[in-house]
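Some notes on the structure that comes next.
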Amino acid sequence: MSRDSNQLRSPLPRPFYLRPTLTVARDLLGKYLVRRIGGKFLVGKIVEVEGYLGDKDPASHAYRGKTKRNEVMFKEGGHLYVYFTYGMHFCCNVVTEEEEKGRAILLRAVEPLEGIEVMRKNRSFEANRKDYWNLTNGPAKLCEAFGIRREMNGIDLTSGDLFLMDGQTINRSAIGTSSRIGIKDGKEKKWRFYVKGTPFVSG
DNA sequence: CGACCGATTGACT
DNA sequence: GTCAATCGGTCGG
């Protein structure tokens, strides 16, 4: 990472998130997910996301309206929605568009760039493991690597110590599109986006 | 209230 | 390829 990008470690501004969800989803590819812990940083380049479109989308947690569990999805864009699933895993989403839309983007995979030793510790990797793409190539894996847990549900990504920042521009031709993974309803919607040709995507 | 099951992962046949 | 882990949300009675 260059010195310049170190100096530009500031959150993406609110308007970035207040746009159509699928536009934001494609634009998230190449952006950096950053967590500051004391003076140190965990950084990963986003390489895979999925859009979930609220009441338009039977696969979305927000499909049937606001509940205690999904209320964060109805906040203004730029907040973090963390949910608990399968009795043991956390996954995180970026809320998009204006308040009450219930739309969000699931972060499915990042490429580790900085703070890899901390990520290995958070993921309980054995010292001899060389397959470090397995640190963050799944929605629950990246949450574990970054230490994202229940108590971070609802935080504002435009201020504070967990945020997204500008990163690399991904050419349109380098973006792959597919059905979303792990859902039953809404398979016909091609709302998964990923960077082609990297070993850091899930699956 | 009980039964079912999930935007997953890792271990194992 | 199959399957258990593990628990809170959701839905039917």
Side-chain angles (χ1 to χ4, degrees), chain A residues 17 20-22 24-26 28-29 31 33 44 46-75 77 79-97 101-112 119-155 157 162 164 175-195 199-203:
Chain A
Y17 300 102
T21 299
L22 299 182
V24 178
R26 281 179 284 254
L28 281 179
L29 297 176
K31 297 289 190 289
L33 173 66
I46 297 172
V47 296
E48 180 183 350
V49 298
E50 288 175 353
Y52 285 88
L53 271 59
D55 62 358
K56 297 286 194 295
D57 179 7
S60 171
H61 293 168
Y63 184 55
R64 295 173 194 286
K66 194 192 291 188
T67 67
K68 177 120 188 176
R69 177 201 197 194
N70 67 23
E71 60 185 358
V72 167
M73 291 184 78
F74 292 83
K75 288 189 168 197
H79 290 84
L80 187 75
Y81 169 50
V82 180
Y83 68 90
F84 182 63
T85 191
Y86 290 102
M88 64 191 82
H89 298 304
F90 296 99
C91 299
C92 69
N93 298 247
V94 172
V95 178
T96 53
E97 305 187 36
K101 295 286 267 190
R103 298 186 175 191
I105 298 162
L106 173 68
L107 303 184
R108 286 198 58 91
V110 305
E111 173 181 344
M119 296 183 197
R120 293 178 64 99
K121 184 163 184 280
N122 287 345
R123 294 267 295 129
S124 303
F125 258 40
E126 301 293 335
N128 60 352
R129 274 186 80 164
K130 298 290 191 281
D131 57 329
Y132 78 108
W133 52 89
N134 274 317
L135 285 169
T136 55
N137 65 343
K141 293 179 185 180
L142 76 87
C143 279
E144 189 170 43
F146 276 74
I148 296 171
R149 310 169 67 76
R150 199 190 308 270
E151 59 267 22
M152 326 235 330
N153 187 35
I155 66 166
L157 294 169
L162 180 69
L164 303 184
I175 297 177
T177 301
S178 80
S179 296
R180 293 168 293 176
I181 293 175
I183 57 167
K184 296 180 105 162
D185 298 325
K187 280 196 173 68
E188 72 284 0
K189 308 291 190 186
K190 308 292 196 230
W191 290 344
R192 172 175 176 256
F193 305 99
Y194 59 96
V195 178
F200 298 100
V201 299
S202 68

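Note on naming: letters A, B, ... go to the chains in the order of the sequence lines (proteins, then strands), and numbering restarts at 1 for each one.
For the P atoms, the distance linking B/dC5 with C/dC3 amounts to 15 Å, nearest Å.
In terms of phosphate contacts, A/R123 brings a side-chain nitrogen or oxygen within less than 4.0 Å of OP1 or OP2 of B/dG10. Taking only side-chain nitrogens and oxygens, A/K68 never comes nearer than 4.0 Å to OP1 or OP2 of C/dG9. The phosphate of B/dA7 has OP1 or OP2 within less than 4.0 Å of a side-chain N or O from A/H61. Proximity of A/R64 to the phosphate of C/dC11: a side-chain N or O atom is located under 4.0 Å from OP1 or OP2. A/R108 has a side-chain polar atom (N or O) that falls below the 4.0 Å cut-off from OP1 or OP2 of B/dT8.
Place A/M88 and A/R150 on DNA chain C by their nearest nucleotides, and A/M88 ends up nearer the 5' end. Comparing A/A140 and A/K184, the nucleotide of DNA chain B nearest to each residue sits closer to the 5' end for A/K184. Residue order along DNA chain B, read from the 5' end via each residue's closest nucleotide, puts A/L106 first among A/L106 and A/E144.
The base of B/dA7 sits within donor-acceptor range of the side chain of A/Y83, with an N or O pair under 3.5 Å.
Side-chain contact between A/L142 and A/F200 is absent, with no heavy atoms from C-beta onward closer than 4.5 Å. With a 4.5 Å cut-off on side-chain heavy atoms, A/L28 and A/L107 count as touching.
For C/dT2, the paired nucleotide is B/dA11, the pair qualifying as Watson-Crick or G-U wobble because both relevant distances are below 3.5 Å.
Residue A/A59 is classed as a base contact, given a heavy-atom separation below 4.0 Å to a base.
In this entry the distance linking CD1 of A/I183 with P of B/dG6 reads 12 Å, nearest Å. With rounding to whole Å, A/Y81 atom OH is found 9 Å from B/dA7 atom P. Straight-line distance from the CD atom of A/E126 to the P atom of B/dA11: 10 Å, rounded to whole Å. Between the CD atom of A/E71 and the C1' atom of C/dG8 there is a distance of 15 Å, given to the nearest Å. Between the OH atom of A/Y86 and the P atom of C/dT6 there is a distance of 16 Å, rounded to whole Å. When rounded to the nearest whole Å, the span between NZ of A/K187 and C1' of B/dG6 equals 13 Å. What separates CZ of A/F90 from P of C/dC7 is a distance of 11 Å, to the nearest Å. In this structure, A/N70 places its CG atom 7 Å from P of C/dT10, rounding to the nearest Å.
The side chain of A/R69 has C/dG9 as its nearest neighbour among B/dG10, C/dG9, C/dG8. Relative to the side chain of A/P139, the nucleotides B/dT9, B/dA7, C/dA5 differ in distance, and B/dT9 lies closest. Which of C/dC7, B/dT8, B/dG10 sits closest to the side chain of A/F84 comes down to C/dC7. Residue A/T67 has its side chain nearest to C/dT10 when only B/dT9, C/dT6, C/dT10 are considered. Distances from the side chain of A/H89 to the nucleotides B/dT9, B/dA7, C/dT6 place B/dT9 closest.
Relative to the six-membered ring of A/F84, A/R150 meets both conditions, a distance below 6.0 Å and an angle of at most 45° to the axis. Cation-pi contact between A/R123 and A/Y132: absent, since separation from the ring centre below 6.0 Å together with deviation from the ring axis within 45° is not met.
Side chain to side chain, A/K141 and A/T136 fail the donor-acceptor criterion of an N or O pair below 3.5 Å. With hydrogens and angles left out, the side-chain atoms of A/S178 and A/R192 include a donor and acceptor closer than 3.5 Å.
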